[in-house]
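Notes follow the structure.
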Amino acid sequence: MKRTRLIAALDTQSLEQARAWAEALDGHVDAIKLGMEFTYAQGLNALRQVAGDRPLFLDLKLHDIPNTVAKGLTSLAPLGASLLTIHASGGSAMIAAARQAIDAAYPPLHRPVLLAVTVLTSLDQAGLHEIGIEASPREQVVRLGRLAMMAGADGLVCSAEEIAPLRDALGDAPVLVVPGIRPAGTDANDQKRIMTPRQAAQAGADWIVVGRPITQAADPAAAAAAIQAELASA
Ligand code: C5P
């Protein structure tokens with residue numbers, strides 16, 4: 001069975017903090033995630049400084065007209081990120097343009113995994129209704145997941161609860177990246193639909209994204225190592 005890999009989300013505006021976490025976690029995580037908070041505060045060069053040779057999940061969730069998303073992804077190519085995100089709800093033309101931009105601008109052996117975000121985990125049924133969508137969150141995730149994969153995405157970002165329905169609908173093809181993970185006994189913080197690392201691995205996640213349970217631990221490296229041990233025994 002394939003191994004579920006661990007991404008540490010380094011959510012901070014501080015270059016020093018991000019660097020310190022990245023160094024402390026060397027050898028204990030499979031990739032680091034940096035997103036809007038860090039990028040808007042520190043810029044693209046700082047992403048390079050923190051990532052160095054480490055695999056980078058650059059989570060900027062692009063969502064615009066196809067040409068703009070394609071050009072945006074082209075501008076990000078020098079960073080050499082391993083995983084990148086766009087919003088599936090941008091539609092098939094936008095996703096296909098993203099696919100083409102990656103195939104054209106990134107070296108074949110270093111193409112990032114193009115991930116489509118399905119439904120934000122902060123949206124529930126009422127939140128979807130508010131924006132004119134009457135499907136349940138789960139139905140909408142499967143619908144957008146199918147659309148994104150047909151339009152050329154490599155994988156999807158989903159909550160742990162949606163791993164099984166997506167695997168039922170789409171099989172093993174999508175790379176599934178899953179946040180909202182909490183080791184047993186740790187604080188849920190603001191996450192609502194959570195699973196333990198073991199549960200997510202057993203459900204078929206390819207990658208899990210873990211932020212505060214690692215970064216706010218007294219010993220982040222030990223917290224990451226414990227999660228890896230749990231994944232290895234799943
Ligand atoms: O600290 P915590 O483990 O909750 O961090 C989870 C990370 O995953 C954060 O960086 C958050 O932005 C991200 N994420 C999420 N839910 C999504 C997409 C990304 O929690 N649907």
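Remember, it's 1-based here, ligands and their atoms both numbered in the order they're listed. The first residue of the sequence shown is numbered 1, and numbering continues consecutively from there. Computed from a prediction, not measured in an experiment: that's the story for all the values here.
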Should you measure from each heavy atom of [X], which atoms of ligand 1 turn up under 4.0 Å away?
X: Lys33; result: 9 (C), 10 (O), 11 (C), 12 (O), 13 (C)
X: Pro213; result: 3 (O)
X: Gly211; result: 1 (O), 2 (P), 3 (O), 5 (O)
X: Arg212; result: 1 (O), 2 (P), 3 (O), 4 (O)
X: Ala9; result: 7 (C), 10 (O)

Could you tell me the residue and atom name of the protein heavy atom closest to [atom], and the distance to it rounded to 0.1 Å?
atom: atom 6 (C) of ligand 1; answer: Gln191 NE2, 3.8 Å
atom: atom 16 (N) of ligand 1; answer: Thr121 OG1, 3.2 Å
atom: atom 2 (P) of ligand 1; answer: Arg182 NH2, 3.4 Å

Q.
Side chain, backbone, both or neither: which applies to Ser122 and ligand 1 if a contact is any heavy-atom pair less than 4.0 Å apart?
A. neither
**Q.** CD/Glu134: more than 12 non-hydrogen atoms of other groups inside 6.0 Å
**A.** yes
(Q) A quick test of your reading: do over 12 heavy atoms of other residues, nucleotides or ligands sit less than 6.0 Å from CG of Asp168? (A) yes
Q) Between Arg54 (side chain) and Ile32 (backbone), is there a donor-acceptor pair under 3.5 Å? A) no
Q. If only atom types and distance count, is the side chain of Gln42 paired as donor or acceptor with the main-chain N or O of Gln13 below 3.5 Å?
A. yes
Measure the distances from the heavy atoms of [X] to every atom of ligand 1 and state whether one is below 4.0 angstrom.
X: Lys61; result: yes
X: Asn189; result: no
X: Gln216; result: no

(Q) Under 4.0 Å between a side-chain nitrogen and a carboxylate oxygen: does that hold for Arg111 and Asp154? (A) no
Q. Between Arg182 and Asp187, is there a side-chain N and carboxylate O pair less than 4.0 Å apart?
A. no
Q. Measuring from Trp207:CH2 to Thr4:OG1, what's the distance to the nearest 0.5 Å?
A. 10.5 Å
**Q.** Between CD on residue Gln202 and CD1 on residue Ile163, distance to nearest 0.5 Å
**A.** 11.0 Å
Q) Which pair of heavy atoms, one from Pro197 and one from Leu231, lies closest together, and at what distance? A) O-CD2, 3.5 Å
Hey, does [X] come in under 3.5 Å of ligand 1, counting only N/O atoms on both sides?
X: Asp59; result: no
X: Pro179; result: no
X: Asp11; result: yes

(Q) Is there a side-chain contact between Trp21 and Asp11 in this structure, where contact means two heavy atoms from C-beta onward sitting under 4.5 Å apart? (A) no
